[in-house]
Amino acid sequence: MESRLEDFFKEKLDEAEEKPSSEGRGNQEDVTGNWVRYFRSLVEDRYANSRNLKNVYLFSASYDGDKRCAVLKFYNPEDKKIYLWYDTTGHKPYCLTNIPQEELENIPEVKGVKGLDHFETVEKFSLLLDKPLRVTKIVAQDPLTIGGKPSGSIRDILPKIRHDAKVWEADIKYYECYIYDLGLDLGLPYNIEDGKLVKNKLTSINFEVEKLFADESKDFFQYLKSWVELLEAPLPSLKFIALDIEVESPSLDKVPDPREASHRVICASIVASDGVKYVLLLRRGEAKGEEFDRLDDAKVEFYDDELQLICRIFRFLVEYPIVVTFNGDEFDLKYLYHRAQKLGLQKEDIPIQLTREYAYLPYSIHIDLYRFFFNKAIQVYAFDQKYRDVNLQDISTVFLGIGKVELDKNVSELDYRQLAVYCLRDSELTFKLASFDGNLVLKLIIALARITRMILEDVSRQSVSNWIKSLMYWEHRKNSYLIPSSEEILAVKGSTSTHAIIKGKKYRGAIVIEPQPGINFNVVVLDFNSLYPSIIKRWNLSYETVRCPHEECKDNLIPETNHWVCRKRQGLTSLVIGSLRDLRVRWYKVKAKDKTLPEEVRVWYSVVQRTLKVILNASYGVFGAEHFALYCPPVAEATASIGRYAIKTTIQKAWELGIEVIYGDTDSMFLRNPSENQVEALMEWSRNVLGMELDIDKQYRYSVFSTRKKNYIGVYHDGNVEIKGLTGKKRNTPEFLKKTFAEMIKILGEVKSKDDFDKAREKIKSIVKDCYVKLKNRQYSLEELAFTVVLGKDIEDYNKTIPQHVKALKLLPEKEKVDVGAGSVIRYVKVRRDPGVKLITHAKVDEIDTEKYVEHIQTTFEQVLDALGISFNEITGAPREAKLEFFQ
DNA sequence: GCGGACTGCTTACCT
DNA sequence: ACAGGTAAGCAGTCCGCG
């Protein structure tokens with residue numbers, strides 16, 4: 001596929017790079033000419049319309065403003081390159097309106113809009129009204145005519161002309177509209193035959209799956225089938241690079257502004273999946289040590305000219321199909337874009353496009369891992385909150401066991417070798433974050449793209465509400481359903497009928513059962529297997545079915561609300577979320593553990609089940625989120641309400657069966673020493689009566705509860721200890737407390753029987769006592785005493801109250817305050833004098849307010865001591881209090 | 001002028 | 001920029017107190 005021309009220019013470029021200009025800053029033309037020629041030839045050649053390609057994977061799409069059409073990006077696993085394909089179907093941007101075609105034709109303000117193509121009358125089905133609707137399709141020659149111009153777009157002028165004008169589907173990005181209309185599947189293989197797009201034959205549905213879901217309705221089964229086809233499709237082997245650059249910086253701790261790009265790019269490093277490693281360094285006037293041509297397994301190149309170095313980076317950006325960065329959107333690529341222009345390169349010769357939020361690579365796929373790991377849903381559900389702070393240092397330490405190279409001075413002051421080592425490490429870490437566990441992260445992104453029908457760039461950056469929006473929109477278009485506007489849904493279904501416990505919330509959520517304080521042996525924890533998605537499936541919840549327009553459904557009420565649910569039509573959300581849930585629980589989760597399957601298949605199944613988990617966990621919440629495109633509070637409210645109903649009735653049934661329920665939260669029930677028969681009976685009852693699966697989630701040798709909800713310790717039969725919610729493991733708790741707490745936990749893990757507790761009690765008392773004494777003697781360092789708190793917003797935004805960590809910050813001189821903002825981590829200690837707090841960097845050990853810290857020891861340990869029948873005063877030597885005994 | 005009761009704010013957690 | 005519920009610590013306000 002690669003042309004002679006491309007090879008020719010590549011050689012030319014290599015030549016140019018092998019003899020970096022010796023006479024210092026040479027002619028601009030010489031420096032960049034080779035790059036520009038090479039780049040232009042590449043665009044004309046390989047990136048020109050591809051007419052014949054086999055088995056290429058659809059990874060991305062966008063709109064080409066020059067050619068005025070959609071362009072798709074395909075990845076060819078054969079030669080591991082990206083190919084562009086420009087639309088050949090003549091598809092055009094459009095939106096829909098309720099104004100009849102004849103009327104539109106007679107409105108001069110509309111007819112006169114430049115870029116308008118034509119009108120059509122089409123039939124769509126309105127789920128909201130449960131009836132067909134004739135609407136007018138306004139077709140334009142370019143997306144901006146529909147919407148997005150500062151003024152004068154169809155989207156904006158129609159409501160001005162007629163007050164009852166409705167406009168639908170006008171704020172969908174054009175390439176998304178294109179994907180939905182053509183029913184394209186992202187991440188799946190296609191063929192291009194004589195310029196036409198042909199989907200590869202799909203993996204047929206597995207016989208086992210078919211058998212597993214034989215009892216489901218026809219519609220439901222159709223959904224299962226289409227998901228399986230997507231998710232069982234083969235996965236291409238991927239080729240990618242990680243990139244990182246270093247920029248001279250004026251002062252310590254000050255990151256150069258990428259828009260200004262006023263400082264030199266002094267180093268770049270590239271680590272590629274094919275083993276290629278490069279460090280590119282800028283020769284600088286000042287002595288920066290000896291030059292060298294290798295650094296471990298990386299090739300090192302020195303450049304006299306900064307622009308030449310940057311062009312070298314650009315070559316990597318167009319030659320590799322996938323480029324991975326850590327914060328490339330906000331820094332590396334943004335910087336390179338502006339810096340290259342500053343040094344004289346034309347915009348069109350830079351292979352980077354900046355939008356408001358992204359650095360987009362038109363000839364490859366840019367994945368910014370920072371954006372991906374920042375996603376809360378990814379953080380919590382895909383990675384079980386293994387990392388807390390989103391930065392390269394912490395994330396790579398968690399997943400790879402290595403961190404960044406530590407610096408003791410400004411990057412500008414490092415010698416060549418130190419700089420190279422530092423920079424190379426960063427791109428190595430970035431590379432490994434994309435590739436660990438067999439490219440887990442990239443696979444997650446592809447699995448997400450397949451399900452959501454989003455391009456890789458979007459799905460890896462945007463959050464759950466956009467994922468679900470996209471997959472729902474795709475389903476609407478597939479079935480010719482009119483996509484309702486958010487206002488429309490709200491107008492018809494805006495009301496809620498319950499009251500939240502927390503002020504300012506819209507509706508009542510889950511319930512938490514009051515725990516029975518004390519210690520209990522043999523505790524079995526049952527939970528509803530993905531409760532909310534199950535409810536959405538079983539109760540047919542969707543924006544069109546909750547409060548549906550049919551009189552005859554109005555008696556089909558949802559507990560504790562005045563909402564009813566449709567009996568006549570299967571809800572779209574119910575089908576989509578329900579099928580994904582069942583597939584995860586009954587197929588992918590099971591198969592991910594199936595040792596008879598080849599390792600590679602198992603790994604993919606585990607990726608899929610994790611991806612589904614992320615989507616499913618968010619599926620309920622989005623309907624209660626104002627910014628979600630299909631925001632529908634009654635759907636969220638109904639879901640939570642049925643959840644409360646499910647757990648309440650199940651607990652009641654448990655008592656009837658003679659099982660003691662000692663705690664429960666949302667979807668879980670903690671049973672005290674139940675018999676196998678009792679557990680089995682309860683699970684069966686739930687299956688038969690509620691129609692919901694109840695599973696054994698975990699079994700504890702014993703559990704420790706105080707009177708507090710969302711706070712407990714569970715000790716598994718193997719001695720592993722699970723701690724939930726306790727102060728002793730919170731992030732902001734001082735280290736000395738966490739350490740002492742961990743010692744106590746270790747003792748608890750060793751307790752096997754009631755008798756062991758007597759010994760454990762004594763040990764725990766002495767551990768806490770030691771802590772108390774050490775504190776009193778001021779033997780703890782400031783490091784150990786510091787509270788670590790994340791600043792929730794910028795300092796000046798605290799106008800209601802001034803919390804302690806902000807108080808500590810206010811003592812800083814103005815010019816140091818500017819470096820602190822939302823997201824900064826603040827470490828402070830409590831002192832006796834005036835404001836009571838000081839930043840760790842400003843305090844001394846003898847200022848510490850030990851009395852305050854004693855209170856913290858007390859609250860931290862009382863959460864456990866209570867249940868053990870130990871009073872804190874007994875430990876510190878204060879008068880003995882009555883001892884509580886919880887054993888029965 | 002001070003302390004207790006109360007509410008509200010902030011952070012971190014649970015499901 | 002997925003939801004609501006809970007704990008803890010502190011900030012700020014109101015009220016009573018001859």
Side-chain angles (χ1 to χ4, degrees), chain A residues 357 374-381 385 388 461-469 496 498-515 525 527-528 530-533 577 614-633 635-641 643-644 647 663-670 697 706-712 722-733 787-793 797-808 822-823 825-826 830 835-837 852 855-856 858-860 862-863:
Chain A
E357 297 146 327
F374 192 82
N375 185 319
K376 199 84 204 155
I378 294 292
Q379 210 172 124
V380 178
Y381 303 121
Q385 287 203 52
R388 292 245 152 93
R461 286 170 174 81
Q462 298 179 6
S463 55
V464 285
S465 65
N466 282 324
W467 299 349
I468 295 176
K469 171 177 96 173
T496 53
T498 58
H499 287 285
I501 291 172
I502 307 170
K503 247 190 206 160
K505 301 286 184 188
K506 288 163 286 196
Y507 59 89
R508 167 126 337 162
I511 43 173
V512 187
I513 308 300
E514 201 74 52
V525 182
D527 73 347
F528 289 105
S530 46
L531 175 71
Y532 289 156
I577 299 301
V614 180
I615 293 177
L616 291 168
N617 272 315
S619 63
Y620 138 79
V622 292
F623 283 98
E626 277 161 75
H627 295 288
F628 178 50
L630 300 172
Y631 173 52
C632 186
V635 169
E637 187 179 28
T639 312
S641 217
R644 292 194 300 275
I647 190 172
Y663 179 63
D665 186 348
T666 312
D667 62 353
S668 65
M669 283 147 286
F670 290 57
D697 179 29
S706 68
T707 56
R708 299 160 188 83
K709 295 171 174 180
K710 299 186 189 280
N711 267 262
Y712 62 86
E722 191 167 59
I723 307 155
K724 295 286 184 184
L726 301 187
T727 303
K729 77 156 213 184
K730 287 199 179 183
R731 233 177 4 152
N732 52 355
T733 299
F787 291 84
T788 311
V789 182
V790 176
L791 196 62
K793 44 193 177 190
D797 295 339
Y798 288 89
N799 31 35
K800 289 176 176 136
T801 58
I802 313 290
Q804 295 213 309
H805 56 294
V806 182
K807 265 190 188 163
V825 177
I826 316 299
K830 301 196 173 179
V837 286
K852 268 269 177 262
E855 284 174 32
H856 283 284
Q858 180 160 6
T859 47
T860 303
E862 249 174 10
Q863 293 171 353

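Since the structure is predicted, the reported quantities are computational estimates derived from the model, not experimental observations. In what follows, chains are A, B, ... by sequence order, proteins preceding strands, each numbered from 1.
The distance between atom NZ of A/Lys729 and atom C1' of B/dT11, rounded to the nearest whole Å, is 16 Å. Taking atom CD1 of A/Ile502 as the reference point, atom P of C/dA7 lies 11 Å away to the nearest angstrom. Here B/dC9 presents its P atom at 6 Å from NZ of A/Lys800, a figure rounded to the nearest Å. In this structure, A/Leu531 atom CG and B/dT15 atom C1' are separated by 9 Å, rounded to whole Å. A/Tyr620 has its OH atom 14 Å from the P atom of C/dC2, to the nearest Å. When rounded to the nearest whole Å, the span between CZ of A/Arg731 and C1' of B/dC13 equals 10 Å. Separating the OH atom of A/Tyr532 from the C1' atom of C/dG5 is a distance of 10 Å, rounded to the nearest angstrom. Going from atom CG of A/Asp665 over to atom P of B/dT15 covers 5 Å, rounded to whole Å.
The side chain of A/Lys724 lies closest to B/dC14 when the candidates are B/dC14, C/dC2, C/dA7. Set against C/dC2, C/dG9, C/dA11, the side chain of A/Val622 has C/dC2 as its closest nucleotide. Of the candidates C/dA8, C/dA11, B/dT15, the closest approach to any side-chain atom of A/Gln804 belongs to C/dA11. Nearest nucleotide to the side chain of A/Asn732, out of C/dG9, B/dT15, B/dA12: B/dA12. Side-chain proximity of A/Thr801 to B/dA12, B/dC9, C/dA1: nearest is B/dC9. Nearest to the side chain of A/Lys710, among B/dA12, C/dC2, C/dT6, sits C/dT6. Of the candidates B/dC13, B/dT11, C/dA8, the closest approach to any side-chain atom of A/His805 belongs to B/dT11.
Of the possible polar contacts, none joining the A/Asn617 side chain to the A/Ile615 backbone as a donor-acceptor pair under 3.5 Å is found. Counting only distance, with no hydrogens or angles, the side chain of A/Arg644 and the backbone of A/Ala510 share no donor-acceptor pair below 3.5 Å. Using modelled atom types, no side-chain atom of A/Thr733 and backbone atom of A/Lys729 make a donor-acceptor pair closer than 3.5 Å. Listed for the A/Gln863 side chain is no donor-acceptor partner under 3.5 Å among the backbone atoms of A/Asn711.
Ranked by how close their nearest DNA chain C nucleotide is to the 5' end, A/Ile501 and A/His627 are led by A/His627. Between A/Glu514 and A/Gly621, it is A/Gly621 whose nearest contact on DNA chain C lies nearer the 5' terminus.
Residue contacts shown for A/Ala625 are limited to sugar-phosphate atoms, with no base heavy atom under 4.0 Å away. Within the 4.0 angstrom heavy-atom criterion, only backbone atoms of the sugar-phosphate kind lie near A/Gln863; the bases stay farther away. If you check every strand for non-hydrogen atoms under 4.0 Å, A/Ile802 touches sugar and phosphate atoms only. Using a 4.0 Å heavy-atom criterion, one finds that A/Thr859 contacts the sugar-phosphate atoms exclusively. Looking at heavy-atom distances under 4.0 Å, A/Tyr798 makes contact with sugar-phosphate atoms alone, never a base. Backbone-only engagement by A/Tyr507 is indicated by non-hydrogen atom pairs under 4.0 Å involving sugar-phosphate atoms exclusively. At the heavy-atom level, A/Asn711 lies under 4.0 Å from the strands shown only through sugar-phosphate atoms. In this structure, A/Gly509 reaches the sugar-phosphate backbone alone: every heavy-atom distance under 4.0 Å involves primed, P, OP1 or OP2 atoms, never a base.
Heavy-atom minimum distance, A/Arg508 versus A/Ala640: O-CB, 3.6 Å.
Listed pair A/Tyr712 / B/dT15 meets the phosphate criterion, a side-chain N or O lying under 4.0 Å from OP1 or OP2. For the OP1/OP2 pair of C/dC2 and a distance below 4.0 Å, the side-chain nitrogens and oxygens of A/Lys469 include no atom meeting the criterion. For A/Lys709 and C/dA7, the shortest distance from a side-chain N or O to OP1 or OP2 is not below 4.0 Å. When the side-chain nitrogen and oxygen atoms of A/Tyr631 are compared with OP1 and OP2 of C/dA3, none of them lie within a distance under 4.0 Å.
More than 12 heavy atoms of other residues, nucleotides or ligands shown are found within 6.0 angstrom of NZ on A/Lys793.
The aromatic rings of A/Tyr620 and A/Tyr532 sit tilted relative to each other, their planes meeting at an angle between 30° and 60°.
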